[in-house]
**Student:** 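One structure follows; several queries about it will come next.
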Amino acid sequence: VNFTPEFNHEEIGLSDELLKSIINDLDLNSSSGGTRSLNSLKSQLSVSLVPPGSSDNDTEQPVLNLAVTGSDREAIKEIADRWVELYLQRASEILASEVKRYYELISAEYYQMREELQAKIEERIEARKSHNLQLLKTEVDVLRDKYKDYLSAIEQKESDLERKRAQLRTLKSFLEDEPRYLSIERSIPPENLFTENQPSEEEPSNQQENDNGIEERAIKIRDQEVNEIFLTLKEKEIDTDVEVTSLEEEVDYILAKLDEFRSKINDTQATIDRVQLDMEELDREINRLRKTSDTLYTALKKARTATKENGTIKLLSDPSSVKTLDSVNTKQNVAVAGVLGLFIGVLVAFFKNYMEDYEEESDEEVENEESKDKS
């Protein structure tokens with residue numbers, strides 16, 4: 001929650017309003033006899049905050065120190081008494097207002113967050129109703145099973161088709177070498193020429209000689225018959241060609257079904273993936289809102305407890321324990337200064353005498369050295 005507290009312990013303690021109340025309540029006067037100025041009183045007051053857990057503060061909460069300085073013990077006591085009284089009153093009012101404002105802000109944020117959370121939960125429920133993931137997964141499993149069946153069938157059909165095509169090519173090659181009709185030639189003896197029916201085609205035969213050397217004429221007859229092998233191969237070719245055409249149609253049908261089921265599987269799987277992503281995003285958003293709502297609820301309970309408390313500031317030490325500095329003893333200080341001055345004078349005289357003796361000894365050593373050199 002974006003909450004900026006307006007409570008400032010130093011501003012409250014040293015505010016002009018509070019200082020004026022102290023001056024007026026205690027009827028404080030200046031040395032000249034006039035009313036004390038705000039700056040003059042403020043110079044005697046100091047406010048400091050000691051954080052919890054420090055060497056000077058073993059409590060779990062920060063401690064505020066209000067200090068009053070001056071030369072008049074009674075005046076300090078009166079100022080401290082009144083200052084603490086006014087400070088506690090003013091600070092409690094401001095803190096109560098801050099807690100109330102914080103509670104209202106937390107409360108508004110909490111109920112708004114609860115509404116957003118409920119809206120997301122309802123959105124997730126509607127998403128589950130419109131897209132049943134379990135049903136979609138079952139549907140895609142059924143489609144995959146059918147796709148596998150068609151895939152197995154196409155392998156067998158394509159194998160049969162290739163085998164029939166090879167058989168058809170073999171039959172066609174055999175038919176190219178096999179004649180449609182068979183030609184039959186035969187000769188008719190002369191003596192049977194007039195007794196037998198004449199053939200459909202007659203050709204003059206070669207002349208032959210008999211035993212007496214007389215040439216006789218022979219007649220050759222050519223006839224055509226349908227080749228039964230050719231007919232058998234042709235029938236097999238036609239049947240095989242029909243089978244090839246049928247197999248091609250079946251293969252095309254199965255391939256079309258494979259494309260159809262593949263497209264349905266891809267579309268259904270894409271729908272499942274999209275729905276899962278949407279559901280996961282909704283779950284993350286719901287978890288985030290739920291955590292934020294729980295945090296706000298905890299803060300709301302604390303704020304509600306704080307609003308019911310009578311006071312939020314505890315006085316650890318009353319103003320009577322405030323210590324003031326002892327007055328200065330001028331005579332004692334002068335006596336101490338005199339003794340120190342006398343001691344310093346003795347040290348200076350001793351040091352001066354020591355330096356003069358040191359210089360005389362140095363001069364005598366120099367003269368002795370010179371006399372030695374001359375001798």
**Student:** I'd like to know if the side chain of E237 reaches the main chain of L171, judged simply by a donor and an acceptor atom lying under 3.5 Å from each other, with no hydrogens or angles considered.
**Tutor:** no

**Student:** Please verify the inter-ring angle class for Y110 with Y297; under 30° counts as parallel, over 60° as perpendicular, anything in between as tilted.
**Tutor:** tilted

**Student:** Could you pull out the closest heavy-atom pair between I106 and L296, with the gap in Å?
**Tutor:** CG2-O, 3.7 Å

**Student:** As an exercise, state the distance from CD of Q89 to CG of L18, rounded to the nearest 0.5 Å.
**Tutor:** 9.5 Å

**Student:** Quick one: does any side-chain atom of S246 pair with a main-chain N or O of V242 as donor and acceptor, under 3.5 Å?
**Tutor:** no

**Student:** Would you compute the distance between atom CG of L105 and atom CD of E109 and round it to the nearest 0.5 angstrom?
**Tutor:** 5.5 Å

**Student:** Taking the six-membered ring of Y103 as reference, does the NZ or CZ atom of K100 fall below 6.0 Å from its centre and within a 45° cone about the axis?
**Tutor:** no

**Student:** Is the shortest distance from a Lys or Arg side-chain nitrogen in E74 or K77 to a carboxylate oxygen in the other one below 4.0 Å?
**Tutor:** no

**Student:** Regarding E162 and R165, does a basic nitrogen lie under 4.0 Å from an acidic carboxylate oxygen?
**Tutor:** yes

**Student:** Are side-chain heavy atoms of K157 and I254 found at a separation under 4.5 Å?
**Tutor:** yes

**Student:** Show the nearest heavy-atom pair for residues L258 and I154, with the distance to one decimal.
**Tutor:** CD1-CG2, 4.0 Å

**Student:** So do S107 and L300 actually touch side chain to side chain, heavy atoms under 4.5 Å?
**Tutor:** yes

**Student:** Under a 4.5 Å cut-off applied to non-hydrogen side-chain atoms, are Q167 and K172 in contact?
**Tutor:** no

**Student:** Look only at the side chain of T245 and the backbone of D241, and say whether a donor-acceptor pair between them is shorter than 3.5 Å.
**Tutor:** yes

**Student:** Any idea which heavy atoms bring Q44 and G70 closest together, and the distance?
**Tutor:** NE2-CA, 4.0 Å

**Student:** Determine, stepwise, if the pair K137 / Q276 fulfils side-chain contact (heavy atoms from CB on, under 4.5 Å).
**Tutor:** CA-CA 11 Å; K137 291 179 180 179; Q276 285 181 337; 3.5 Å; yes

**Student:** Between T295 and K291 (side chain of the first, backbone of the second, donor and acceptor by atom type, cut-off under 3.5 Å), is there such a pair?
**Tutor:** yes

**Student:** Give, for atom NE2 of H131 and atom OG1 of T271, the distance between the pair rounded to the nearest 0.5 Å.
**Tutor:** 7.5 Å

**Student:** Could you go through the salt bridge (Lys or Arg N to Asp or Glu O under 4.0 Å) check for D160 and R163 one step at a time?
**Tutor:** CA-CA 5 Å; D160 295 342; R163 182 170 54 80; 3.7 Å; yes

**Student:** Apply the test side-chain contact (heavy atoms from CB on, under 4.5 Å) to residues I76 and T69: give CA-CA distance (whole Å), side-chain angles for both, the deciding distance (0.1 Å), then the verdict.
**Tutor:** CA-CA 7 Å; I76 290 174; T69 59; 5.7 Å; no

**Student:** What about L168 and I238, same hydrophobic cluster or not, with Ile/Leu/Val/Met/Phe/Trp/Tyr joined at side-chain heavy-atom distances under 4.5 Å?
**Tutor:** no

**Student:** Before accepting this row, confirm whether a basic side-chain N of the pair R262/D259 lies closer than 4.0 Å to the acidic partner's carboxylate O.
**Tutor:** yes

**Student:** Please answer: with hydrophobic residues joined when any side-chain heavy atoms are less than 4.5 Å apart, are I265 and L255 in the same cluster?
**Tutor:** yes

**Student:** If you apply the rule side-chain contact (heavy atoms from CB on, under 4.5 Å), what do you find for D16 with K42, and how did you get there?
**Tutor:** CA-CA 9 Å; D16 292 344; K42 187 180 294 185; 4.1 Å; yes

**Student:** CZ/R128 to CD/Q134 distance, rounded to the nearest 0.5 angstrom?
**Tutor:** 10.0 Å

**Student:** Over all heavy atoms of both residues, which pair between L175 and K234 is shortest? Give the atoms and the distance, please.
**Tutor:** CD2-N, 3.8 Å

**Student:** Is E116 salt-bridged to K120, cutoff N-O under 4.0 Å?
**Tutor:** no

**Student:** Would you indicate whether the side-chain heavy atoms of P51 and P62 approach each other to under 4.5 Å?
**Tutor:** no

**Student:** Do the side chains of L64 and Y87 get nearer than 4.5 Å, heavy atoms only?
**Tutor:** yes

**Student:** Identify the two heavy atoms, one from K164 and one from T240, that lie closest to each other, and give their separation to 0.1 Å.
**Tutor:** O-CG2, 3.5 Å

**Student:** Between the side chains of Q269 and R144, is a donor N or O closer than 3.5 angstrom to an acceptor N or O?
**Tutor:** yes

**Student:** Quick test of your reading of the model: are K20 and E17 salt-bridged, counting only N-O distances below 4.0 Å?
**Tutor:** no

**Student:** Are E78 and R82 close enough, and set up right, to give a salt bridge (Lys or Arg N to Asp or Glu O under 4.0 Å), and what steps lead you there?
**Tutor:** CA-CA 6 Å; E78 291 180 355; R82 190 54 182 162; over 6 Å; no

**Student:** Working to the nearest 0.5 Å, report the span between CD of E126 and CD of E123.
**Tutor:** 9.5 Å

**Student:** Is the backbone of T170 close enough, under 3.5 Å, to the side chain of S173 for a donor and an acceptor to pair up by distance?
**Tutor:** yes

**Student:** Do S152 side-chain atoms and K148 backbone N/O form a donor-acceptor pair below 3.5 Å?
**Tutor:** yes

**Student:** Hey, does I79 have a side-chain heavy atom less than 4.5 Å from the side chain of L41?
**Tutor:** yes

**Student:** Under the criterion side-chain contact (heavy atoms from CB on, under 4.5 Å), I'd like the reasoning laid out for V63 against L49: C-alpha separation, chi angles, the key distance, then a yes or no.
**Tutor:** CA-CA 6 Å; V63 174; L49 190 66; over 6 Å; no

**Student:** For L136 and T268, which heavy atoms make the closest approach, and how far apart are they?
**Tutor:** O-CG2, 3.8 Å

**Student:** So do T298 and K302 actually touch side chain to side chain, heavy atoms under 4.5 Å?
**Tutor:** yes

**Student:** With a 3.5 Å distance limit and no angle check, can you tell me whether S40 reaches the backbone of R36 through a side-chain donor-acceptor pair?
**Tutor:** no

**Student:** Just so I know, are the side chains of V47 and L66 near enough to count as touching, which here means a heavy-atom distance under 4.5 Å?
**Tutor:** yes

**Student:** Can you measure from CG (D25) to CG (L86) and round to the nearest 0.5 angstrom?
**Tutor:** 6.0 Å

**Student:** Can you check salt bridge (Lys or Arg N to Asp or Glu O under 4.0 Å) on R101 and E104, steps first, answer last?
**Tutor:** CA-CA 5 Å; R101 186 167 67 91; E104 292 175 354; over 6 Å; no

**Student:** May I ask whether M279 and I121 are part of the same hydrophobic cluster, defined by side-chain heavy atoms of I, L, V, M, F, W, Y residues being less than 4.5 angstrom apart, directly or through others?
**Tutor:** no

**Student:** Find out if a path of hydrophobic residues (ILVMFWY) with successive side-chain heavy-atom gaps under 4.5 Å connects F174 to V244.
**Tutor:** no

**Student:** Look at the side-chain heavy atoms of Ile, Leu, Val, Met, Phe, Trp and Tyr, link any pair under 4.5 Å apart, and say whether V275 and V142 land in one connected group.
**Tutor:** no

**Student:** Keeping the roles fixed (side chain from W83, backbone from G13), state whether a donor-acceptor pair exists under 3.5 Å.
**Tutor:** yes

